[in-house]
Amino acid sequence: PTAQIGVTGLAVMGSNLARNFARHGHTVAVHNRTTARTTALIDEHGHEGNFVPAETAEEFVAALQKPRRLIIMVKAGDPTDAVIDEFTPLLDEGDMIVDGGNAHFRDTLRREKALRAKGIHFVGTGISGGEEGALNGPSIMPGGSAESYKALGPLLESIAAKAPDGTPCCTHIGPDAAGHFVKMVHNGIEYADMQLIAEAYDLLRTVAGYEPARIAEIFRAWNTGRLDSYLIEITAEVLAHTDAATGKPFVDVVADEAEQKGTGRWTVQTALDLGVPVSGIAEAVFARSVSGHTDLRRAARTLPGPGGEPLPADAAEAFAAQVEEALYASKVVSYAQGWNMISSASTEYGWDIDLGSTAAIWRGGCIIRAAFLDRIRTAFAADPALPTLLADKEFADEVGRAQDAWRAVVATAVRRGVPTPGFSAALAYYDALRAERLPAALTQGQRDFFGAHTYRRTDREGSFHTVWAGDRHEETAG
Ligand code: NBP
């Protein structure tokens with residue numbers, strides 16, 4: 001056998017990943033259920049490196065050096081199980097199956113456990129960056145055993161994106177499903193980032209009264225500062241684009257109903273199970289959902305709103321600067337929430353995830369790649385036990401400086417009737433964290449009143465219940 005690695009599933013992601021390996025000098029076995037895809041890959045790109053095409057599963061496995069390293073890049077869900085079931089009987093103890101698809105981490109937990117019992121390493125691996133990333137350098141988030149990473153790491157690191165300082169955007173995240181888990185949170189954060197950017201655009205359009213081309217210029221300028229990121233960069237491109245058919249701004253001819261494939265929803269569902277507040281991600285998922293409910297929107301179109309004229313030029317310019325501050329502060333909050341989620345899951349599942357290196361491997365290759373992530377890496381390097389990014393001195397100072405502008409923007413949005421669920425939820429979270437006292441004390445009182453759910457006191461230990469239906473004396477509970 002000659003192949004260092006094999007890829008089965010040669011749709012766009014698998015083909016591009018195989019080509020990436022071949023271009024980096026590795027010999028790659030390639031296989032697909034339907035052979036036509038394998039043939040097409042060899043015909044079109046066979047000259048790019050050393051490929052070993054295989055028609056059958058047996059041929060494919062026979063082409064791999066031991067211990068075998070096999071990457072599955074098929075549609076997530078049942079197809080992944082079908083492929084695992086097909087290949088497992090052909091493998092030996094110590095072989096590695098890497099699932100590079102967008103699996104739900106609970107599926108990865110189940111598959112890893114089953115294969116571990118057979119002595120096979122199952123490496124659920126998040127791969128971000130889409131088609132382009134798979135070919136030219138994705139951000140790679142492998143889970144699975146530390147032992148498997150010794151054999152896989154060098155190969156994966158060779159094809160991964162490189163951060164601006166040259167380090168590969170690939171690291172062993174943690175055991176079993178840790179890789180697929182952080183990939184899921186990455187996608188959730190991506191939803192939040194996109195929603196915040198959309199709100200900034202909406203405010204600049206509605207309140208400042210700017211045209212898309214002008215807003216594209218503003219995003220371009222922001223992209224040279226602390227917001228420097230792939231998503232801000234492509235936002236400027238999309239806003240500057242003119243529709244060829246109508247000559248109108250592209251953004252004005254696209255139906256305003258955002259779609260989703262489900263990874264943002266998974267993040268929020270999982271956060272609810274873990275009890276971690278990720279309001280920024282949740283509002284982003286719900287905002288897409290609201291946009292898609294054309295029935296509700298049609299029914300509510302005539303509800304009264306405040307109206308109002310766009311701001312005069314000077315005020316508009318000042319407002320745009322405030323929007324940048326609100327966007328930045330809200331972004332810090334949603335990343336803080338995302339990292340809380342990773343940290344909680346790491347404790348819950350015993351993954352021992354290095355929070356700083358997760359930020360480090362998102363500096364390149366993936367959709368949320370940004371200069372900003374280096375700051376998160378530094379914050380966790382300074383204090384690996386940082387309870388929230390908002391407690392990092394630098395982030396705290398920055399967000400503190402932004403808060404006046406942030407409040408002004410949210411207030412203006414409310415006054416002008418522009419929906420800003422992302423900005424508003426982020427600000428509410430910030431205020432909740434810094435509050436000396438929360439009204440949760442009242443909530444506890446109500447729970448005790450109607451359900452005898454008990455409460456704790458601020459002045460002494462223990463659980464208590466007030467006999468609300470009787471003379472309202474207090475009893476020690478439990
Ligand atoms: P698709 O998700 O469209 O899957 C197509 C591949 O799955 C084909 O190779 C197909 O084989 C194979 N397949 C199916 Br469907 N059912 C199968 C079965 N029962 N047995 C064997 N093979 C089966 O491909 P993709 O868009 O390249 O994505 C691959 C994976 O990467 C997915 O999990 C996706 O979520 C993930 N991902 C995608 C992106 C992206 O930007 N597209 C980014 C990151 C991750 P056939 O040719 O015989 O039908």
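Counting starts at 1 for both ligands and their atoms, in listed order. Computed from a predicted structure; not experimentally measured.
- At least one test fails for Arg226 against the ring of Phe372: distance under 6.0 Å to the centre or angle within 45° of the axis.
- At least one test fails for Arg116 against the ring of Phe122: distance under 6.0 Å to the centre or angle within 45° of the axis.
- Ring planes of His24 and His26: parallel class, angle under 30° (limits at 30 and 60°).
- Below 4.0 Å from some heavy atom of Met73 lie the following atoms of ligand 1, by number and element: 29 (C), 31 (O).
- Using a 4.0 Å cut-off between heavy atoms, Ile127 contacts ligand 1 through its backbone alone, with no side-chain atom that close.
- Interface atoms of ligand 1 facing Gly9, defined by a heavy-atom separation under 4.0 Å, are 9 (O).
- Judged by a 6.0 Å distance limit and a 45° cone about the ring axis, Arg205 is not positioned over the six-membered ring of Tyr210.
- Asn50 CG to Thr27 OG1: the interatomic distance, rounded to the nearest 0.5 Å, is 4.0 Å.
- Scanning the protein for heavy atoms near atom 18 (C) of ligand 1, the closest one is Arg33 NH1, 3.2 Å.
- Closest to atom 5 (C) of ligand 1 among all protein heavy atoms lies Ala11 CB, 3.7 Å.
- Here the heavy atom of the protein found nearest to atom 21 (C) of ligand 1 is Val83 CG2, 3.4 Å.
- The protein non-hydrogen atom at the shortest distance from atom 41 (O) of ligand 1 is Gly130 CA, 3.3 Å.
- The single protein non-hydrogen atom nearest to atom 34 (C) of ligand 1 is Asn102 N, 4.1 Å, given as residue, atom name and distance.
- Of the protein's heavy atoms, Arg37 NE, 2.5 Å lies nearest to atom 47 (O) of ligand 1.
- Under the 4.0 angstrom criterion, atom 16 (N) of ligand 1 counts as having a protein heavy-atom contact.
- Residue-ligand proximity, Asn32 to ligand 1, at heavy-atom distances under 4.0 Å covers atoms 8 (C), 9 (O), 11 (O), 46 (P), 47 (O), 48 (O).
- Just one of Ile84, Val74, Ile72 meets the side chain to side chain contact (heavy atoms under 4.5 Å, CB included) condition when paired with Pro79; it is Val74.
- In summary, the aromatic rings of Tyr430 and Trp406 are positioned with their centroids under 6.0 Å apart.
- Ring centroids of Phe286 and His293 are separated by 6.0 Å or more, keeping the two rings apart.
- More than 12 heavy atoms of other shown residues, nucleotides or ligands fall within 6.0 angstrom of atom CD in Gln260.
- A 6.0 Å sphere centred on CG of Asp78 holds no more than 12 heavy atoms belonging to other residues, nucleotides or ligands.
- By the 3.5 Å distance cut-off applied to N or O atoms, Met13 is counted among the residues near ligand 1.
- Protein heavy atom in closest approach to atom 4 (O) of ligand 1: Lys75 N, 3.3 Å.
- When non-hydrogen atoms are compared, ligand 1 lies under 4.0 Å from the backbone of Leu10 (N, CA, C, O) but not from its side chain.
- Nearest to atom 22 (N) of ligand 1 by heavy-atom distance, out of Val74, Leu17, Thr263, Asp99, is Val74.
- Summary of contacts: the protein heavy atom closest to atom 46 (P) of ligand 1 is Thr34 OG1, 3.4 Å.
- Under the 6.0 Å cut-off for aromatic ring centres, Tyr349 and Phe105 qualify, their centroids lying closer than that.
- Considering backbone and side-chain N/O atoms, Lys183 never comes within less than 3.5 Å of an N/O atom of ligand 1.
- Of all atoms in ligand 1, numbered sequentially from 1 with element shown, those under 4.0 Å from a heavy atom of Val12 are 26 (O), 27 (O).
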